[in-house]
Amino acid sequence: MKYSKNLALLLLIFSVYWSYRALMPQYESDADGPPTSFSTDRALDHVKSISKEPHAVGFPAHSTVRTYIISELKKMGLETITQEGYAAGDWANLSKATNILAKIKGSENGKALLLLSHYDSSPHSSYGASDAGSGVATILEGVRAYLSQNKTPKNDILILLSDAEELGLNGADLFVKKHPWAKNVGLVLNFEARGSGGPSYMLIETNQGNGNLIKEFTTAHPKFPVANSLAYSIYKMLPNDTDLTVFREDGDIDGFNFAFIDDHFDYHTALDTYERLDRSTLAHQGSYLMPLLEHFSNADLGQIKSDEDYIYYNLPFFTLLSYPYGWIWPMLIIAILAFVLLVGYGVKNGKLNVKAMATGFIPMLTTLAINGIVGYFAWDMITYWYVGFKDMLHGFTYNGHTYILLYAMLSLAVCFWTYHKFRKSGTANLLVAPIFLWLIICLLMALYLQGASFFVIPLYATLGALMVLINQDRPNPFLLLFLTLPAVFLYAPFIKMFPVGLGLKMMVAATVFTTLLFYLVFPFLGQLKNKERFAYLFLILFFAFGISAHIKSEFTEQRPKPSSLLYVYNADSDEAIWATYDQSLIGWNSQFLGNERRQTDTGEYNALSSKYNTPFTYVQQAPKKDIPQPWVDTVLDTIIGNERILELCVTPKRNVNRLEVFTNEIKLNAAKVNGIALSETFLERRKERLITHYVSNNDYTELELSYPKDEKLEMTFYESSNDLLSHEDFTIPERPKNSIPMPFVLNDAILVIKTLNFE
């Protein structure tokens, strides 16, 4: 057919689009859907009610949200209870958590299925619509739909809407360690969010093999599974935890996480609102819950453990595919043997030329090097031109998706231009070097990152394409296109997933995956004439997306800039300062800080906890205000043998939200806070930070410390309140509408520092 290559090219473009489109359902209004089905609109009503105000632990709206959730569970006829208590978790973040619990009684006495999400929002300005109002809403609507079917499950179905997840997984810690229901939990389905849109990824939490979990998940047959064993291998390397981590680590309870991570710029900010939650994303969460609830409520959860691990990955039309780890090496060896045989056959029959094959390494290494270097320095180049982006601590900007497209287009331009220069070597000869590289990658994955061993699957198709090119002078373009589809469907989403999930600092993953995917699609692309024109086309698209990214680089009301301001009073030196974490000041806070960057001489303020260890950037002398200091009362100070026992009670003299306690680097034999013992592991690995108490109802903080009697103890108390903008002693103007409070740091706060020495 005369235009077969052009038609096949259009189908290739559509396949790239479909690799993203097929990941998740598309939202359609379903408010009038049958009561036995999950309704995204009905779930949205819950999200709207939950996310009217920030509702972190200790905030006024926190109890309001809890009351709403309890009332909704009671409407379903469920007996609802609460569990309250202090917990500090593994991070020494103390808070008083109030968990919400309900149970659907099963007909048998097997292990229970637990549905999990958390209802607290992140301090201090997040409305918590996505994180994790979406999870709470998914469970409320899913349970309502399930109960409407009038079925009696074999297993008990437990509902845990935990508290204080944002502060240190404290509600989950409280449940697993102290609630009697925890002993009977066989499996957990946890719904989470780290953004406000995109597909929801399934991640497994298990201490053993994942084989039975994958088999049961596949049997349940959710329609839109987005999961692969590489994602979980990477997840386990990152310092990110969810409530489900507590179940695995402290209770040896397996489970599934379902979390969406796109539009990361909304995470933990004032933008995490009902309006910005992607409706299709919420529908995706529901598409997981309903079939899994139906399946696991009747499965034998006592047999869910496994010693065998499975490789798994999703593809359009096939949903989730999997195979045992035991297949990794045989499949790799088969691929290597097929490659050797094909190359030998091609050389013997004159279809492959040794010199031309060796030449093929030049364009491959050139494109990989250029695109790798460009991607590696992409974030540095972006923040060089747009300094304000450094204040988006997520590492993902509002125009981040445009940047991903921009660098993908540049990578393709480099690939097309470079391979055009070597077109005379022939497609088959040029394909040998990329296949060799992919075999090396698969070998490294088998050795060091076995979860990524499914990389060999698209390589089989590419080997098939090499066989076609060796045996046919004019191969059918549709056949070559068909053989590229496994690579397109599997790897195209990775181009977006890695910089979305890990931040634009990982743009190198996008440029490298674009390049590696180009190699696997080259059997088809190599047949196209005028590859140089495609290089110019993608270069034009690079500049077009660059202009689009620039136009969207300004901060506006829809794309507000994060900003910060603190008032810090040091009671020891009787001095006060204004401080900020901003790299790029705005008029709102520069009026207090000036434009000259000034750091404190000792850097003592930079010890404050923050997710990304963000230090102060600007400080300026401030007028002293009469801010009451915390009262520190010594309840007990005695020596028993070689140990000194010290008990203190810290009482706030103003309304506060947080107390952080630091010590000098002294060995502590034991420590308790409000009766909660800090773990030996934490005490061994800690440096100076002892505890962060997220205060509810202006509670006191009791400290019980045991340390060697000959040691000198220095304690520094950082007491803060989030009322700088509303405090009667300050006249701070309202933050402009094109700015929001910076997340992950202490912000809009009055901080008082006080140090005590015990010699």
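Quick note: residue numbers are just sequence positions, from 1. The structure displayed is predicted, hence computed values, not measured ones. Basis for what follows: all heavy atoms, side chains included, without hydrogens, waters or symmetry-related copies.
Taking the six-membered ring for Trp and the full ring otherwise, the centers of Tyr127 and Tyr274 sit at least 6.0 Å from each other. Between Phe538 and Phe542, the distance separating the two ring centers is not shorter than 6.0 angstrom. Remark: aromatic rings of Phe518 and Phe416 are close, center separation under 6.0 Å. Here Phe455 and Tyr491 bring their ring centres to under 6.0 angstrom of each other. Aromatic pair His295/Phe217: centroids not less than 6.0 angstrom apart. Taking the ring centroids of Phe389 and Tyr386, they lie under the 6.0 Å cut-off. Taking the six-membered ring for Trp and the full ring otherwise, His264 and Tyr398 have centroids separated by 6.0 Å or more. Ring centers of Phe744 and His268: under 6.0 Å apart, within the cut-off.
Ring orientation note: the planes of Trp18 and Phe317 are close to parallel, at an angle under 30° on the 30°/60° scale. Ring-plane geometry between Tyr323 and Trp327 is classed as parallel, the angle between the planes falling under 30 degrees on a 0 to 90 degree scale with a further cut at 60.
Judged by the 6.0 Å distance and 45° axis criteria, Arg21 is not positioned over the aromatic ring of Phe489.
No more than 12 heavy-atom neighbours from other residues, nucleotides or ligands sit within 6.0 angstrom of OH on Tyr376.
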Quick one: do Asp391 and Met742 satisfy side-chain contact (heavy atoms from CB on, under 4.5 Å)? Show the steps, please.
CA-CA 8 Å; Asp391 291 326; Met742 183 180 288; 3.8 Å; yes
